Amino acid sequence: MYSQSHIVEGIITDAEDGLAIIGANITVRGTTKGSISDNTGYYRLDIGNTQNAVLKYSYIGYRYVEIEVGNQLKIDVQLHVQANQLKEMVVTALGIKKDKKAINTAVQYIENKDITNSKQENIVNSLNGKIAGVFVTNSSGTPGASSQILIRGANSVSDAVNNQPLFVVDGIPIDNSASFNGGNRAMDINSNDVESITVLKGPSAAALYGLEAANGAIIITTKSGKAGITNIDFSTSIAAENAVRLPPRQYEYKQGYRGIYDSESRSSWGPLYTPNDEKYDNIGNFLKVGLKQKYDMSISTGTKKANVYISSNYLTQEGIFPGENYKRYGLLLKGKAQLNDKLSLNVSSNLIRSHNRRGGLGRMYNVYNWPTNDNMSKYYNSDGSKRWLIPRAEGKEWINPENPYWMAENNPNNDDVNHTLTMGSVTYNITSNLKAVYRLGADITNQFYKSITSPESAGSVERFRGIIREKDRSFIKTNSTFLLTYDKKIGDDFSVSALIGNDVKSTKSKLTIIEGKKYRNPDLDNINNLEDIKATQYLTRKRLVGAFADLKFDYRSTIFIGFTGRNDWSSTLPKSNNSFFYPSVSLGVDLSKFLKSDNILSYGKLRANWAQVGKDAPPHRLTAVLEPSYTIGGGFKYDYYAGNPNLKPETTESWEVGTDLRFFKGKSRIDFTYYSMKSIDQIIQSRISPASGWVILVFNSGSIENKGIELILSQKVIESNSFNWKISSNISRNISKLKELPSFVSKYPVTYGQLLNEAKPSSVLGYPLMAIEGTKYLRNDKGELVLNEFGYPRIGTYIKDDNGQYVYDKDGMIKIDNQSVFLGNREPEYIIGLTNDLTYNNLSLSFMFDFRIGGDVLNLTKAFMLSKGTDGSLEEHRNQSTIFNGVVETGDGQFEKNDKKVVLDQSFYNSYYLHAGENFVEDASWTRLRYIALSYDLPKHISKKIGLKNLNISLTGRNLFLWTKYSGGDPETNYFGSGLGGTGTLGLDYFNVPATRGIEFTLKSSF
């Protein structure tokens, strides 16, 4: 017989990951008595004097559990996910967890093991091949290099407008910019601290974040302590890496010009080596094996009322380019407390400090082009003075290529960053249905960059005398968010979920640049040691205020309808245009409820949504801005930008449809999405006539279209107690087009990509947004190559009138247009990731291939190596005689077969081959083994004997194999990295440090 009161309490967790299950139902079978678990998974229920009480524990998507109470007072329960259900809770916009099947947008998430398997220290790179529609490009093999990430292509054409997604860490939006050609700030996040990453792909998915998420959002959730579990985890890893692939270099010809040896030439167009000549492998001797070490330690614990997670990490990495290194120290403090039944507090602080010594852009130029008859490693004379490649008169030594060894030793670029992410939030349960959340966070960065060009540097008189540049940047972004959420079940069939809120984002940055020229004392690297010193300071402020609402209806967990609306007020737009509203609407239908239950289709959903989102202007574009003048008399002057007080926001409208199908009790999955986006009122920066008094005008004009598909496939091939094998794949395709530009502009070149006039990245009207434009060989209507009277190829395109007829000059020859034309598209046709996960007892094997099909790379490394006579193709083709298969124009539209023999010598390459930009546009398709990871968990009984909960040993290979027809290095390249907006320099290959492959050994232990 029970007493009048019998209270049972406990904690309900997920059996797989140990996380608390919030909102689980606990009922006494056969009665109306029940309870719900709180946000720590804790429940408390008075079953009274119920005879032979049985408690039923249930939650959507999990198998229910029934337990006889007997005389128990504490019952902890683990629930298992149903095999035919989705992994229920996904972190979405504003840090809100939602049942995934109630989400009507394309959302994809990965867990910690998916992130850490690839052993990428820049967390952005860990998304490569893991998420459909996400395209990641690493800029170089330099430690601490930035990586660009795009979701469903680019929506803005201007270099000044960001196309990368918003990054959110534990509910706080952070700055992911890359300053001074360094790393993007998301790389400061330690991958071992990350619990999961959710990718919100379209404007509809990210609508609540507003204009900052116009390009999608990456939601990062870090680890937390768990109730009833105490862990002390330690891991250490060591890795070695080298270059994946190098551009081919010729080793048959010496320094010189037109086949004659010339010790004063910078080129390698000299004579052939003789058997007695000594040659040097300058590239192989210069690049070294890079080493990496990393150490992680974390402590986590929790009770039903509070939890804590503390971690620290240290990373040190030496690059393959001598002198380059990267060090990072991190400390994460995170805690949560349930102060009473209604009030909870959540705080976190992530402190990161990093040091990066690196080179500049195009750092491999002289490494690849140094004559092989000279020993590049001998860069000092016996008396300790600098040895120059070309002897010059005193004071003229700077007219030389810079020796890479000397540069690595004497001209460092040092970048020190202190980065702090801090957040605090308060949650108050006003009623069982109504909850208030206030969250305040700050992203604080202090960065000090120092570039030293030591005296005796080559290249110019200024460099020879010495230069120091110091850049001191402080940045703070604060985010204040208030939310009211309401969840209510209406009867047996309907549920409603509502949210209203506002946020205020404030950004302030200060950049101080001090530049000094001409050293007084050549041995003192201090700015005060220079004679000509000038300072410039840039102050930037921005405020964004938003109000938003979200309303969702659920009918029998079968039909899901959602509406969102947000209004933003941006300080970077004029008062007449700074307020703009954008809505979204979505619909989802669970097909499973309409289909007869069978063993084939276990779950199916159709979804559709439509959304609008805005994007504001860069700061300080409304009026002219003053900057210091360093001319005689000093004072201030206007900068290059003419202010435009009539700017309005860019607007992107999108719609998508998709389906999620699961078969054979969840063993097979197909998720398909089709989307279409159109971005109008592009904020464009264009050059104008200097007669106006300005150089650049900012205005609204132009539109961009993106359309594409995303396909997610997964298959559990084998499931058993001892062996499991799962295959998953992501396939995506994005097709972009620049639909409109202002009437006086037909193209929008990428500013930092204008390295070769004959071939350059540019957005061309009517073509893909990431186009390449340049010059082509002349061809007639039959596609035949047109040659000159000497048998050499001509450049250009024939001019035709409105009727498609040739236009002739007075001599009867067809007129030629030498303007640049469309040559290629830097955006891939398809990107595919294919991952295999296998486990056999305590042994695990995971490997991922990624495939790029189509798209082009602009190989400017090859172009400039050809101009210097160093490209590897010259070993086969130089000085060969050939007759080009083409025709010669004879007049009046007539052509005759070419029969002139020509020699492929220096004159041919410099006067003809290099003038055809199409020669340097190449297919970027590849097949790559992105990583392979083998790990072993020591059996539990052995681990316990040595005082451990678990011991794991793993060996990982990264970028081990690359198959491509590309003639250069690694076709995954980005010259300027992620520091550039617009279409950037993705697919531009120009002498950056080559990408690396490596082997990494890791030891993990838990206490």
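In what follows, every heavy atom counts, from backbone to side chain, and hydrogens, waters and symmetry copies are set aside. Everything quoted here is computed from the prediction, not taken from an experiment. Positions are given from 1 along the sequence.
A 6.0 Å sphere centred on CZ of F1001 holds more than 12 heavy atoms belonging to other residues, nucleotides or ligands. For K949, the NZ atom counts as densely surrounded, since its 6.0 Å shell holds more than 12 non-hydrogen atoms of other residues, nucleotides or ligands. K327 NZ: 12 or fewer foreign heavy atoms inside a 6.0 Å radius. More than 12 non-hydrogen atoms from other residues, nucleotides or ligands lie less than 6.0 angstrom from CZ of R245.
When each of N952, D233, N950 is checked for a side chain to side chain donor-acceptor pair (under 3.5 Å) with S1006, only D233 meets the rule. Partner Y309 forms a side-chain contact (heavy atoms from CB on, under 4.5 Å) with one of K223, K226, K336 and no other, that one being K223.
A donor-acceptor pair under 3.5 Å is absent between the side-chain atoms of R930 and the main chain of M848, judged by distance alone. N730 contributes a side-chain N or O that, together with a main-chain N or O of K130, makes up a donor-acceptor pair within less than 3.5 Å. No side-chain donor-acceptor contact under 3.5 Å links R662 to the backbone of F664. Judged by distance alone, with hydrogens and angles left aside, the side-chain atoms of D114 form a donor-acceptor pair with the main-chain N or O of E111 at under 3.5 Å.
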Can you give each donor-acceptor pair under 3.5 Å made by side-chain atoms of residues 954-961, sequence neighbours left out, with the distance rounded to 0.1 Å?
from : atom 1 : to   : atom 2 : distance (Å)
R958 : NH1    : T996 : O      : 3.4
R958 : NH2    : E241 : OE1    : 2.5
N959 : ND2    : T996 : O      : 3.2

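In this structure, the side chains of N104 and K605 come closer than 4.5 Å at one or more pairs of heavy atoms.
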Practice problem: Run the numbers on K667 and E719 for side chain to side chain contact (heavy atoms under 4.5 Å, CB included), then give the verdict. | Solution: CA-CA 9 Å; K667 289 185 176 181; E719 282 188 302; 3.3 Å; yes
Exercise. Starting from the C-alpha separation in whole Å, work towards a yes-or-no answer on side chain to side chain contact (heavy atoms under 4.5 Å, CB included) for Q164 and N176.
Key: CA-CA 9 Å; Q164 296 192 82; N176 184 42; 4.2 Å; yes
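Between F851 and F849, the two ring planes are parallel [angle under 30°; tilted spans 30° to 60°].
With no hydrogens or angles considered, a side-chain donor-acceptor pair links D850 and W926 at under 3.5 Å.
Taking 4.0 Å as the cut-off between side-chain N and carboxylate O, K716 and D837 do not count as a salt-bridged pair.
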